[in-house]
2 protein chains.
Amino acid sequence: MTDAQPSRPIPVAAGGEKISFRDVKAEIRRRIEQRVWAPGDLVPGEVELAEEFGCARATVNRAMRELTEEGLVDRKRKAGTRVRMTPLRQARFEIPLVRAEITGAGAKYRYALLSREVQAAPPWLCARLALRADSRALHLTCLHSADGVPYQYEDRWISLVALPQAETADFQTRGPNEWLVEAVPYSEVEISFLACAATPGVAAALGLEPGEPVFTVERTTWWAGAALTLVRLSYERGHRMTTRY
Amino acid sequence: MTDAQPSRPIPVAAGGEKISFRDVKAEIRRRIEQRVWAPGDLVPGEVELAEEFGCARATVNRAMRELTEEGLVDRKRKAGTRVRMTPLRQARFEIPLVRAEITGAGAKYRYALLSREVQAAPPWLCARLALRADSRALHLTCLHSADGVPYQYEDRWISLVALPQAETADFQTRGPNEWLVEAVPYSEVEISFLACAATPGVAAALGLEPGEPVFTVERTTWWAGAALTLVRLSYERGHRMTTRY
DNA sequence: CAGTGGTCTAGACCACTAT
DNA sequence: TAGTGGTCTAGACCACTGA
């Protein structure tokens, strides 16, 4: 680990304009990407950079803080700031409501409730949601279509212990997801992406062959420490979640 | 859309301690989660909140800015800050190197190069990476194992136009990913998650039946506008990517 | 214990945009 | 055009941690 060269190429300040933290951030990023400061290098301190850029330390601080969040550098008090050996890569996906996903793509959204049943929560569900045995649960299956083509199959369990009002809610015209977002908008979520084989039910709803690979999202939702709902979303053939970073 | 109640329950300031932006953030979050401020409500302005909390406006500003990033509120100049009708949900996944993924789970990492071939890039690859026809490319397949069990199958193409030094690099002992991270640490990436059926090659390497569902990550990497590499990572049976938010 | 980042403040000016 | 958030500054004190 060598330290960075003194390297004072071009004080970015051009006109009489005031330096923004964005300018600082962009310049630091440039130096890292172009290896002016190589991985492992020690970056000059905030005071020094503030002098170089002709701005307040707080401005440099904000720039560096954001670069830290983005995984380019690593900061430690007293030790200083170093360019990460391996940039920390993180993918961010927005999780929209199906309706928004479909209408956003310019297609017509259609929702259908396929089945609805109140029953004792099966053991696997109790284990999964930390419910007491024989808790009651609402089991729903639904289909979301885009321009008449099946897009997403939803298999959902709602704990009637945590959400008794779900038993009388109307899921004929609106999906349970939308109902839940209104009933409990701010909750804690665990989400998983996985590939699994289409069960006969899923295959029938989505027009697939049983056993065909299905991209699946599984989401568990909690509020105030209590499990509310578990849902498996199975997507149409060839679906992918994509992002850039 | 009603406006939030005046609602001044408990000025958080307890002891003579200085208020942190974390305190402000936590309190605002609490009020939103517990519906003191309902979805759609207008939140008091920064000046007013600063008075309530007995801190500087900058402190409130930082708290609110972070809550904005986290998707709880929506801010517009002049219009003020509103609680989002639907919290903006976003899932963040860390993308580690396979080696870190495996050793991090306490297992022993093993790497094997299965095949290596220099050839003219096939048309589909040229299209995908915006290469000129007949560009040369390096095609590699590798297997990453955890405690001797196949964990991830890697099918990678590297553009020899953009990275000629890849032709002489040694991929016998270290995976191409690690080589790339050193050669071109800071690049632009497009990543997709999908489910696909195991091809015979994938199935053989991972010990699956052909046609079985495979969780797959596809990643394209660019630097300075030029495509460097395209990789498909196929995971062991039942693999899932999980995160909380 | 000394150096670096982390945070707060009080004040100022600016940019956007609803009205 | 006025009100709200967005950002910068200069200065201060603090917290962590490497030497």
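Heavy atoms only: backbone and side chains are in, while hydrogens, waters and symmetry mates are out.
Look at B:N61 and you won't find any side-chain N or O under 4.0 angstrom from OP1 or OP2 of D:dG5. Of the side-chain N and O atoms in A:R62, none sit less than 4.0 angstrom from OP1 or OP2 of D:dG6. Within the 4.0 Å cut-off from OP1 or OP2 of D:dT7, not a single side-chain nitrogen or oxygen of A:T59 is found. Using a 4.0 Å cut-off, no side-chain N or O of A:T81 falls inside it from OP1 or OP2 of C:dT4.
With sequence neighbours excluded, no residue forms a ring-ring contact (aromatic ring centres under 6.0 Å, His included) with B:Y153. Residues meeting the salt bridge (charged side-chain N to carboxylate O under 4.0 Å, His left out) test with B:R128, sequence neighbours left out: B:E218. Take B:R84 and apply the side chain to side chain contact (heavy atoms under 4.5 Å, CB included) test, not counting sequence neighbours, and it matches A:Y186, B:D74, B:L88. Remark: A:Y109 engages A:H144 in a ring-ring contact (aromatic ring centres under 6.0 Å, His included) (not counting sequence neighbours). Taking A:A166 as the reference, A:L138, A:I158, A:L160, A:L163, A:W179 meet the side chain to side chain contact (heavy atoms under 4.5 Å, CB included) condition, with sequence neighbours excluded. For A:E69, the side chain to side chain donor-acceptor pair (under 3.5 Å) criterion is met by no residue, not counting sequence neighbours.
Each of A:F21 and B:E46 has a nearest nucleotide on DNA chain D; the 5'-most of these lies closest to B:E46.
At a threshold of 4.5 Å between non-hydrogen side-chain atoms, the residues B:I95 and A:Q90 do not count as touching.
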So if I define the base as every atom that isn't primed, P, OP1 or OP2, how would nucleotides 10-19 of chain C read as a B/S/- string at a heavy-atom cutoff under 4.0 Å? --B--BBBB-
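Separating the CE atom of A:M64 from the P atom of D:dC8 is a distance of 16 Å, rounded to the nearest angstrom. One can place CD of A:E48 at 14 Å from P of C:dG3, the figure rounded to the nearest angstrom. Regarding B:R22, its CZ atom lies at a distance of 12 Å from the C1' atom of D:dA15, rounded to whole Å. Protein atom CZ of A:R75 is 10 Å distant from nucleotide atom P of C:dT7, rounded to whole Å.
For residues 65-74 of chain B, proximity to DNA chain C is found at no residue, defined as any non-hydrogen atom under 4.0 angstrom from a strand atom.
Applying the salt bridge (Lys or Arg N to Asp or Glu O under 4.0 Å) definition to pairs two or more places apart or across chains, those involving residues 87-105 of chain A are A:R99-A:E178.
Between A:R174 and A:E182 there is a salt bridge, since at least one side-chain N of the basic residue sits less than 4.0 Å from a carboxylate O of the acidic one.
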